[in-house]
Every structure is written in structure tokens, then in C-alpha cells.
Amino acid sequence: MCVSTLTCSSTYLDYVSMVVVLINCVILGLYTPCDDINLNLEVLESIIFVYFVVEMLIKMIALGIWGYKGSFLSNNWNKLDAFIIYGEVLEYVLASFNIQLQIGYIIKPMRLISRVPSMRDLVIVLLKTMPMLVNVLIIYMFVIHIFAVLGVQLWQGELRNRCYLGVDIRKTYNVSLKPYYRSSFDEKTPFLCSANNKGGMQHCNNVPRYSIHGEPCSLPAPSSKSAVPAPTGSSQNNCVNWNMFYNVCRAGDLNPHMGSTHFDSIGYAWITIFQVVTMEGWSEIMFYIMDTDSFWNVVIFIPITIIGSFIMMNVCAVVIATQFSESMRGGTEEQRGGAVSYTQLLYKITSCIKKIFCRHNRVHPRSSRIHPSLKHALRPINKQLRRIVKSKVFDRGVMFVVFISILTMAIEHYEQPVELTKMIHISNVIFMVLFTLELSTKLLALQWEFFSDRNNLFDIVIVFTGLWDISNNTDSKLSVLRTFRLLRFVRLVRFFPYLKRQLTVLRGTVEGAAPLFRLLFFVIFIFSLIGMHLFGCEFKFKTMYGAIVQDRKNFDSLLWAMVTVFQVLTLEDWNLVLYNAMATTSPWAALYFVAIIIFGKHVLLNVLVGIVVDKFQSKHHSGSTGEDSWIDSESSSSPDLTPENGSSQTEMSSSETRQGSSLSPSGSRKSSGINSTEDGCESAATHEDKRSMTGCRKVVHWFQERQNWSFYVFAPENRFRVFCLRMVLHRMFDNVILMFIFLSCIVIAMERPSIDPASIERLVLNVAGYVFSGVFLVEMLIKVVALGLLIGENSYCRSSWNVVDGLLVILSLDNIFVSMVTTSHDNMLGILKVLRLLRTLRPLRMIRQVPKLKLAVEALISSLKPIANIVIISCAFFFFFGILGTQLFKGKFYYCVGDDTRNITNKNECLSANYRWIRKDYNFDSLPQALMSLFVMYSKDGWVNIMYDGLDAVGIDQQPRRNHNEWMLLYFISFMIMSFFLLDMFIGVMVDTFHQCQLKQKQQTPGTKGPCEELEQMQYYERYTFVRRFIHNLCTSNNMDRIVTVIIFFSVVMMAVEHYKQPKDVEVLVVSSYYVFIALLSIEILLKLVAFGVRRFIKFRWNLLDVVVFLVCIIDISLTHVNMAEQIHFNPSILRTCRVLRLAHVLRAKRMRVLLKTIIKTLSQVGNICLLFIFFFFIYAALGVELFGKLECTPSNPCLAFNQYISFRNFGMALLTLYQVCTGDNWSLIMKDTLRECHPDEHHTCLAYMKWVAPLCLISFVIIAQFVLVNLVVASIMQAMEDSIQEEHMLTNNLPPPGRSITSSSSHVSADGSPEECPTPT
């Protein structure tokens, strides 16, 4: 009876269980890996374990154990609780035998999932997406395995190459040197070399010179020991360059990154390729391979990043997003099981408070009417105040005051004048008085209604904190709360309806993502506990002074373990944590980080994408159809750059009309493209009226009469104008102009700052620029004469594309003008040389000439309005966090640079020690600097280092101290969380816009033909002989597929067995298996040829793949046996990796087929997107060469990112650098190099305006490349998956009757499951 009573009140039991689970999580979080075991915590854990055992027994007795619906084990969450308890029991049993399993800290917190309904429902939805997600991960692993096998075949042992001593220096010269050359950073940035038979970019003769006290040495080696000069002194004339003896390049024992990055075996190759796919540190790995093997390995790494990251990782995101949206719309059917929610708990608390107040009012009914006469007297005043508060003038006046107060906060900066400080303080007092008056007025007018609005409660907090700040009259930490006035500015969105809808979507996303972030916090907590037990107190290193310190990315406490796990989720420098973990523990530690990235980044954070997309799609189906339709129609309208109904169609139709009218004089001029004149009667009447007009009216009338004339000179029937029109309408005209545009792009790509001004190349490029400017000017003049300039329906300036062309033609004349006005260096007009940058915009003319590119640009332009709204919202958040960061960190991002700064505490001590007091490049000294730093964090690159700088900040003119203020984590982590929402809003906008464009395109284009509806009446194999029929049945049987699958797997396994310095037996086994698999493949191909015939065999795409693999293997054997490997310029072993492609045979399941079809459709649809990428890359590469081509890295002014591969010295290197920026790999360091201080000796290479031009150039490119074009790829993948699912559903519904075999007729089904053409009997 007691048990049943307790079970009936299971809600309270769940309350207690939730509290106990939270206490258990707190106890687990108190674990410190660097200290001894706390016995008190173990006792508490034992008590908690007993509680949950008793809870399970009570539920088993009350519900029954199993056997019927409603029993204890019929609920999956009860099974999870039982599993956790059994795991703890197993841990206690093994501990009695001194076996420390330690799985309790992983499974104990999982009890929280079953007791929080929102988390539990989210987990159920994620479990429903697992089948499709597993298929994505299989294809993902398939891609990684292909490139890993390729890496082992090509680069095994390459990253071990070091420059060793060619002679015994100690024996010959009695000088002690290291066995191989090590850079100043030792193995953190090793010096890798290329063997003599390789075409690598770095050889032993590139080893830097030996230096003493920073001065390089240049003396040659002496002839004997006695002639060796003393290794002292600072002049380069009295020391020997001993590094010249490092002239033998051979393989050593170490690999880069503490042995974590190499291709010596398949396991490490998996880790390395996975790191490349995550695009963190991938460029450094590529540069190592380019140093040791060949520069052209770039053509391998770029496809790895494109296929592995831009496509496969986005396919994973799309699968999670689409499946999550479908599951959320379908709802969950799992039992609630008596779980408790926080909202229920809060609802009960608020209900109790309301009951107390209601009871108080019933007990004291006249308490509110103490002074009725006074209340009656104040009623008119209250009405007047209420009318004032409700008026628009009052609201707009308050918004104006808020706007002015925001401006006063925005102009605050470090080292501002004293007068400005006083003015800001006085204005702050005035604003607080105004806000207090506003608050008092609203409180008197609205009375208790005032507290029903949450914005008013927020205003109370701001006013009281501001009054507290002013009353203290000090630089209190509460002064930062003034920045929360910015949030009041959000009320202005009522004047922008579309922006209000975007904010509504953002608010709905934040509300819908609350359970997701609870689950994400829970996952971070579990992985942090695992990391503390695996890597706690392990990440230690020795400083240059010999001290042992912990790495900043560590697992020594729960706080820093969670920060490190969050950092890994953002993929920022996660590879550095991986290197430390693998070096200090075991290579198997890589599985921990792979699990975090796959489950946290690719699954949970992609659920947020699904929530955003679902919110955007739901807004089209909301109840307010009138407003939504108006907003949608407004958003889908084309901007000014896109003419109505499509510029290409309008121009084509008008051009055809013009051509017809000009070639047929008898035709009606009114229907022609050229503006027609008035008829004869009207002209005669006009001629008679001229006599009575004044001179001014005659001039006006003359212009009106010739308004259809080109330049008021060429009449519509003028022969020269007709000739120009015929020339413009000729099909060769556009082709010739396109050729000149292409040649102009080549000339622009050949530009580089290193060209000698007196060289022939410089002369040819200048002349070519003048010629192209002249050709485009003539083209513009011909079109203007033919069409007219401004007046007329089809005049030149009526087309937006013509306006762009004309503007670029005018700007292209800057080369001639600049060369004329800047003949000397002292000319004041030399600043006009900056106009040379405008010629990089000349490829914009290519848009109009290429239809696919024009279509892609128009689609991109159509999404500018929603993207602009997201940018406005992002700028508002940036503005808020920027002002807040300025209040917190202005003047604090300085540090001392010197030989020994351990005892330096402030700026005065630093300067007195003759050290340098330097400001960090990314700081918060002013609002522009803060916005630039926040954008770097927003892009997820370099945000960790900025966070560390903020944590170390002590005060103005104070030397930073490590982790001085850990509370600043709240500022940086909160900004990063908001950046997740804002970045996914970009994805939602692009997906929504792309989806609308696709719907319009499908409505305009006719449907495609469906699959063949009728199969042949008689199967083709019915006429086969007995032997051929037997072979056909063998080839189409499931057993044959299983045998082929097993053979493929064994082949891949044998390829994965290969490794660096493998034993001879393994090499013989691999080669022998290679020949065996080729023989089996040839037998399979011959059997299928006999079974299906040549024509049906070729129609089946998987068979073509087998033939290609077979031919490649034959070529490999031929090249190997005839010893032609040295004559060809590539490693023939690369051909063997083609066998891995046969793994695709395994990917023919239904869900796999959908994913493969999605990938194929995406690759076929991204042509326009690729054209956009190439277009923007070309413009920014040419611009980068003009701006940054002269930047040089010197010992006095070194670079952080620029090297022999990353630079803007020429067009090719600029493209490679921009691709690295596009992937987000250390692009913040590239921008740092462009923001360097100009030294006196760099006046020719460092431009003064670089401080503001470089951020604009690079930040705009990052926005276009990372936030727009990459998200356009996501949108195309999502649309391709939707189409693939619909096609698969249609194919499933159109299957033939059961009596007709489908699996046996492999020639009827293509690689993606779609039926081929109907076969005909042979």
C-alpha cells in the first residue's frame, strides 16, 4: 500500500530524483585530477548510489519487472536507469579486485536525460535521425579512407626528412652541433627538406645561416681546426656559417607536431586527413608536403577540403537539419513517464504567489482604497500622463535620447582627451536624469500595469544600476551595465516590418534552441569529465627559463575542461589540443576528439541549423498571410541591378525588335527598338507653331523634338546609327567583346609589384591596358550611338548591366590619367595612383557576357535584402558587445616585450628596462578596434587567443597576468553562443531564398520525363543457353554481391596494411594480394560481359567503374614491370588507390542511394556557385596583389602568416592565400600581417592607408566567401536532398509487380537506383 501510494505521487519522487542527480553531477564536477582522492566525495557517491538502487527497487515492486505493457522494463528510460546501476555495480565489483574501470563518471550524469522532458524529447528526435546519419558517416569515412590510402601511397616517410650533417663536424673542426638542423622553434615548426630525386620546394641549401646573438654568420669553413675563429662577437665577418654542413636530406625518427601528423600508416593518415577535412591547420600540413614532395600536391589537398568539408560536412548538416525538422513536425510518441520539467516547477511557484496575493486582497479588501478623495483628485493628472506616455512623440523622444546616449558611449576610447571624458560624464548624468523622469512618468501613469511589460522591468534595472554608478562617482565595474541601454534600441524594429520578421525568427530560434543548449551543456559536461580523467595534469611544457607550466588548453579543472571542450566544438586550434593529448598519453586519444567533433559539432550544433530552417519555413505558413505575402513579395523583388522580368530576356527581345525594324525601312518605326518620330501631320502642325514661339521656347521644343535622337545628333534613321545598331546586334560583337574581356583578365592576372618599370614586360602590360581601355570605350560609344544614352525606353542607361559596363569603362581610363599626372614622385597628385585598384573590377563585365554567371549573380542579388537584414541584426549585436568590450578592456591589451619580462608589472617598469610596450593587434581600445576583434571571433578563427588576452588583462598600463579575471569568460563565451545563432541565420536565409527561387524555376520549366512505364513483355535472358543462363543467374544473385563485397573489403584491408618501413613479408603479401584481386576483378568483368552482353554491361554505371579500375591496375602493373617509374613525373603507386573506389559498390542501399544521388546532384548544380567563387576570387586576388604585393617579411619586422606559400606577390599565390582565408584557417594572422606598423626603412613596401584598407578588403571577402557563398552550397545541398528523396519515393511507388525480378536485372537499375532505358532483346 505504501509502495503504491509512493508510486502514485511519482511527480514528487521525480523532483527528489532530479535534485539527487544534480547533486551527483556537482560531486563529479568537484573531481580534481591533480589532487588526491577525496574520501568525503566517495561517501556521498555511495549514498547516492544506494538511493537510486532503492528507487529502482520501489519502481520494480510497484510496476512489475517485465512481461506486460506498463512494467518497469517496458519503458526505455527505466532500462537506461537499470543499465547505469548495473554499470556502477560492475565498477564496485571490479574495484574489489583492484581493477579500476571508472565508467561511472560517464554514465551517472545520463540519469538527467530521462528526468528532463525537453532533453528527453530532443534525444528521441535525434535517435530517429540515426539511420540516415549513420549512412552519412559511412560515406564520410569512405571519403576519408580514400584520401588516407592515397596519402599513405604517396607520402609515407616524407615528413621525416631532415637536413643532417654531411661531415663529422666534431671530429673535423672540434665544434659541437646538433645531428640535424633545428629551427629556433625546434619541432614546433620543423625544417623539412626534399630529397634530391623529389621536386619539393625546400632543400638543404635553403637552411638559414648560422647566427650568434641574432647576427648571421657568413665566413666559409676553415681548412683545419687551428684556423677556426672564436665563436664570439656580433659581426658576421668573424664567425663561420656552420649550417652549410647540413647538406644531406634523409629520413629521421620524428614527424611534425610531436609525431601526430604523418602518413606513415593508415591510422595516422586517418587522423591527418580528418584534421584536413575540419580545415583547422590543413594549410600547414599541405605546406609540409609541398616542402618535401612537390608544389603540385596542392591539387590534391584542395579537392580534399572541397569534397570532405564543403560537401560532405554540409551534407551531414543538411541530413541533421531536414530529419530534425521532419521529426519535430511529426512529434514524439514516447511516454512522459512522470518526468518533471522546469516550466512546471516555475508554474507551480508563480501559481502559489498569485494565490497568496489573491488571499491577501480578500482578507484586506479596502487596503487599496485608503484615500479615495486623493485618488479622485489625481485621476485627471493620471489620464493626462497616460495620454503622454502612450503617444508616439513620447516614444520617439525616448528613442532619440537612447540613440544619443549610445553615441556618447560609442565615442569613448583609450587615451581620450580629458575634455571628452568630462563631457561624457556630464552627458551620462543628464541621460540618467532623463531616464529617471521617463521611468517615474510611466510609473505614475500606468501604475501596476507598468510591471506587466518586461521591457519596463528591464528599464528599472538599467536606471538603478546607472544611479548606483553615478552615486559612487568612481570607475566602478557596474559602469559596464550602461551598455545594456543598447537593448532598448531594439524597439525601433517596429518601423522595419521585414527586419521585425527576421528578429521574430531569431527569437523563435532562441526559444526553440533552449532544450538543445541544455543538451549541449550536458554533453560538454560529460566530455569534460572524461577529459579530466584522461588528460588531467598531463599537458605540461617547459619554458625557456626552465619552469614547468600547464598549457592553457588543459583538463585540470572542470571549468577549463569545459572551456577546452567548447573550443574543440568551435574547431579553433583543436588540433593543438590533439597534439598534446597524443604526445602525453596515447595515439588512441584521437578517438576522444573525433567523438567530440562528430557528436557535438556535426550533430548537436547542426540541429540548430534545422531549428533555424524550420522557423524560416514556418513563417511562410503562419496565420498572418497578408503581412507575410507582402513581405515575401517584397523580398523576392529584384533590386535595381536586376532589370524587371530579367535583363537578358528584355534586352534580347528589344534587340531582335530593333534589328527587324532597322533592316526593313517600310516597317513601323513605333514598333522598332529605336524611338520613332512623330507622324507627318503632327510635324507639320508643329512647324507652323514655331513661328509664334519665343527663343527659349524654341530651344525647349527643339530638345523635345529630338528626344529620340542619340546625343540629339543622330536621328533614328541616320545611316551611322543604323550601322552601329547592326554592329551591336551582330552575334560576333558580343563574342569579340568577351574575348577582349578575357584577355584583359589575363593582363590583370599578370600584374605584380615586382615588375621592373623599365622592362619590356611592364611596357607590354601598360600598352595592353591602354588598348583594352580604348576598345571598351569604343564599345560603349557604339552602343550609346545605337541605343541612345538616357532618353528612351531601350536607351543605354535603361539597363543596369549597361550602367555597370559604362562605369567600369570610365574608371578604366584611370591608368592613362594617372600616368599623365604622376610623372614624378614628388607630384602631389601621386595619391591618385590608388585609382589603379579600380581596374581590378574590370572582370565585372564578364557577368553580362556569361549567362550562367549572370543567373547566379541575379539569384545572389535577389537574396541581398534578407541578407542585409541579418547583417543589420548582426551589427546591432556587434555594436552592443563592442561597446561592452570597450568599457571592459580599453587600454588593457598592452604587454611588455623584452628578454626577461617575468618581473615586469606595469608600463613604467617596462620602459625603464629599455623594453617595448606594445599593443596587441586585436584590442578593444576603441569601438572600431573592438568591432574588428569581434568579427575575428565571429568567424571562429583566433577567438581563443583574444579570449586569453581578455582573461589576462589586469588594468590600464598594467602587465598582463595569466587568468587574472576568469569571470571574463562570460563575455567571450556568450558572444560565441550568439554567433552560432547569427551564423545559422545566414544559412536559413540562403536556404529559404534558394528554395523560393527553385520553386519559381520549377513553375517556369516543364516537368521532366518519368521512368519507363512499361518493361519489355519478355525478359531478354529467356533466350539464353543453359550455360549463359547459369552465369546470368550467378551474376544477379545476392550471393554474388556478398562475395564481391567481401573481396572488396579484403582488398581495402590489404591496402590499409601498408605502412612506412614495412617488413619484406608484408610487402610480398600486399603485392600478391594485389595480383589476386586484379585476377578476381577480371573474372567478375568477364562473367558479367557474358551474362548481360556488351550493350547492357556498358549501360550499368557500376560496371563502368569496375572497367576503369581494372584498366588503371593494368597500367600500374605495366609501368612497374618495365621500370618506367623514374621516367614519369608521378608515383605510379597512386594508381593502386583506385581500387578503393570499388567500396562504392557497398553504398547501394536505399538510404545510401539517396545520399549519393544528393552528392551527385550537388556537384552538378554547384557550377554556377563555382563560377561565383572564381569570379570573386579573381577580383580579390587582383586587388590583393595591388594592395599587399609589396609586403615583405624581414628579421626586424617578421610576419606571422606570410611565407613563401602565403603571400600576394603574384596572382597564383594570391589565389592560394585567398582560398586559405575562405577556409578560415588562420586568416586572422594574415590580416595581422597586413596591419603591421610601417618601419622607416619600409616606405616603399608599406602603404600608409593599409590600416583601414586591409580590414575592409579581407573582412568583405570573408563575408562573401564564408557567410554567403558557402551557405549557398548548403542551400543547394538541401534542395538536392529534397529532390532525391522525392525521386526515390516516386521510384518506390512505380516498382514493377513482385513476379518480375529487379535485383536480377542489374542492367535495368542505375547506380543511384533509377531505372535505365528499357532493354531490348538481343
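Here, residue 1 is the first one in the sequence, and each next residue gets the next number.
Residues Q959 and I904 share a closest heavy-atom pair of CG-O, 3.3 Å. Looking at every heavy atom in both residues, R162 comes nearest to N255 through NH2-C, 4.1 Å. Here the shortest heavy-atom pairing between D1225 and M279 reads CB-O, 3.8 Å. Taking every heavy atom of both residues into account, K1232 and L1200 meet most closely at CD-CD1, 3.6 Å. The nearest pair of heavy atoms linking Y1205 to L1216 is O-CD2, 3.9 Å. When all heavy atoms of A581 and F535 are compared, the pair lying nearest together is CB-CE2, 3.8 Å.
From S260, atom OG reaches atom CG of L578 across 6.0 Å, with rounding to the nearest 0.5 Å. In this structure, CG on N1226 lies 9.0 Å from OG1 on T1223, to the nearest 0.5 angstrom. Separation of atoms CZ (R182) and OG1 (T189) is listed at 12.0 Å; rounding is to 0.5 Å. To the nearest 0.5 Å, the span separating CG on L571 from CD on Q275 amounts to 11.0 Å. Here D573 contributes atom CG and N945 contributes atom CG; the two are 6.0 Å apart, rounded to the nearest 0.5 Å. Between Y181 atom OH and L165 atom CG the span is 12.5 Å, to the nearest 0.5 Å.
Remark: the backbone N or O of G898 is not paired with any side-chain donor or acceptor of T901 at under 3.5 angstrom. Without hydrogens or angle criteria, N243 side chain to P208 main chain gives a donor-acceptor distance under 3.5 Å. Listed for the Q958 side chain is no donor-acceptor partner under 3.5 Å among the backbone atoms of V954. When atom types are taken as modelled, the side chain of S283 and the backbone of Q1220 share no donor-acceptor pair closer than 3.5 angstrom. A donor-acceptor pair is defined here as one N or O able to donate and one able to accept, closer than 3.5 Å; such a pair exists between the side chain of D941 and the backbone of S1228. N906 contributes no side-chain N or O that, together with a main-chain N or O of D957, makes up a donor-acceptor pair within less than 3.5 Å. K601 places no side-chain N or O within 3.5 Å of a backbone atom of I596 that could act as its donor or acceptor partner. Looking at H533, its side chain does come within 3.5 Å of a backbone N or O of L529 through a donor-acceptor pair.
Identified under the disulfide bond (SG atoms under 2.5 Å apart) test for residues 888-949, with sequence neighbours left out: C896-C910.
At least one side-chain heavy atom of P256 sits under 4.5 Å from a side-chain heavy atom of L192. Using a 4.5 Å heavy-atom cutoff, the side chains of F191 and V207 are in contact. Side chains of T261 and Y579 form a contact here, defined as non-hydrogen atoms less than 4.5 Å apart. At a threshold of 4.5 Å between non-hydrogen side-chain atoms, the residues E572 and W574 do not count as touching. Between N1203 and I1206, some side-chain heavy-atom pair lies under the 4.5 Å cut-off. Within the 4.5 Å cutoff, side-chain heavy atoms of L558 are placed close to those of M532. Residues M423 and I426 form no side-chain contact, since every pair of their non-hydrogen atoms from C-beta on lies 4.5 Å or further apart. Taking 4.5 Å as the limit, some side-chain heavy atom of I946 sits within range of a side-chain heavy atom of F972.
Around atom CG of N903, no more than 12 heavy atoms belonging to other residues, nucleotides or ligands sit under 6.0 Å away. With a 6.0 Å radius and a threshold of 12 heavy atoms from other residues, nucleotides or ligands, R962 has its CZ atom above the threshold.
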> L888 and F924: side chain to side chain contact (heavy atoms under 4.5 Å, CB included), yes or no, with the steps?
Replying inline: CA-CA 8 Å; L888 290 172; F924 294 84; over 6 Å; no
> Given the rule in the side chain to side chain donor-acceptor pair (under 3.5 Å) test, do K940 and S979 qualify, once you have shown the distances and angles that lead to the verdict?
Replying inline: CA-CA 9 Å; K940 305 293 188 302; S979 69; 3.2 Å; yes
>> Let's go through V240 and Y210 carefully: what are the C-alpha distance in whole Å and the side-chain angles of both, what is the deciding distance for side chain to side chain contact (heavy atoms under 4.5 Å, CB included) to 0.1 Å, and is it a yes or a no?
In response: CA-CA 7 Å; V240 177; Y210 188 81; over 6 Å; no
>> Run Y894 and D925 through side chain to side chain contact (heavy atoms under 4.5 Å, CB included) and show every step you take.
In response: CA-CA 10 Å; Y894 287 78; D925 287 354; 3.3 Å; yes
>> Determine whether V577 and F539 satisfy the following criterion, side chain to side chain contact (heavy atoms under 4.5 Å, CB included), listing intermediate values before the conclusion.
In response: CA-CA 9 Å; V577 190; F539 296 172; 4.0 Å; yes
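Using bins of under 30°, 30° to 60° and over 60° for the plane-to-plane angle, the ring pair H257/Y288 lands in the tilted bin. F889 and Y971 have perpendicular rings, their planes meeting at more than 60° on a 0 to 90° scale where under 30° would count as parallel. Between F555 and Y592, the angle of the ring planes goes over 60°, which puts this pair in the perpendicular group of the 30/60° scheme.
With sequence neighbours excluded, no residue forms a salt bridge (charged side-chain N to carboxylate O under 4.0 Å, His left out) with R961. By the side-chain contact (heavy atoms from CB on, under 4.5 Å) test, L1258 is found to be paired with W1227, M1231, T1234, residues two or more places apart in sequence or in another chain being considered. Among residues two or more places apart in sequence or in another chain, the side-chain hydrogen bond (donor to acceptor under 3.5 Å, both in side chains) test is passed with W917 by none. With sequence neighbours left out, the salt bridge (charged side-chain N to carboxylate O under 4.0 Å, His left out) criterion links K553 to no other residue.
Remark: C239 SG to C217 SG, distance under 2.5 Å.
Two rings, from F975 and F878, have their centers less than 6.0 Å apart.
Side chains of Q416 and T421: a donor-acceptor N/O pair is present below 3.5 angstrom, by distance only. One side chain, E412 or Q887, offers a donor N or O that lies under 3.5 Å from an acceptor on the other.
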Which pairs of donor and acceptor atoms, one on a side chain in residues 927-938, lie under 3.5 Å apart (sequence neighbours left out)?
from	atom 1	to	atom 2	distance (Å)
S933	OG	N923	N	3.1
S933	OG	N923	O	2.9
S933	OG	Q929	O	3.0

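A salt bridge does not link D551 to K540: none of the charged side-chain nitrogens sits closer than 4.0 Å to a carboxylate oxygen.
Stacking of K920 on the aromatic ring of Y895 is recorded, both the 6.0 Å distance cut-off and the 45° axial limit being met. For the pair R919 and F893, the cation-pi test (distance below 6.0 Å, angle within 45°) is failed.
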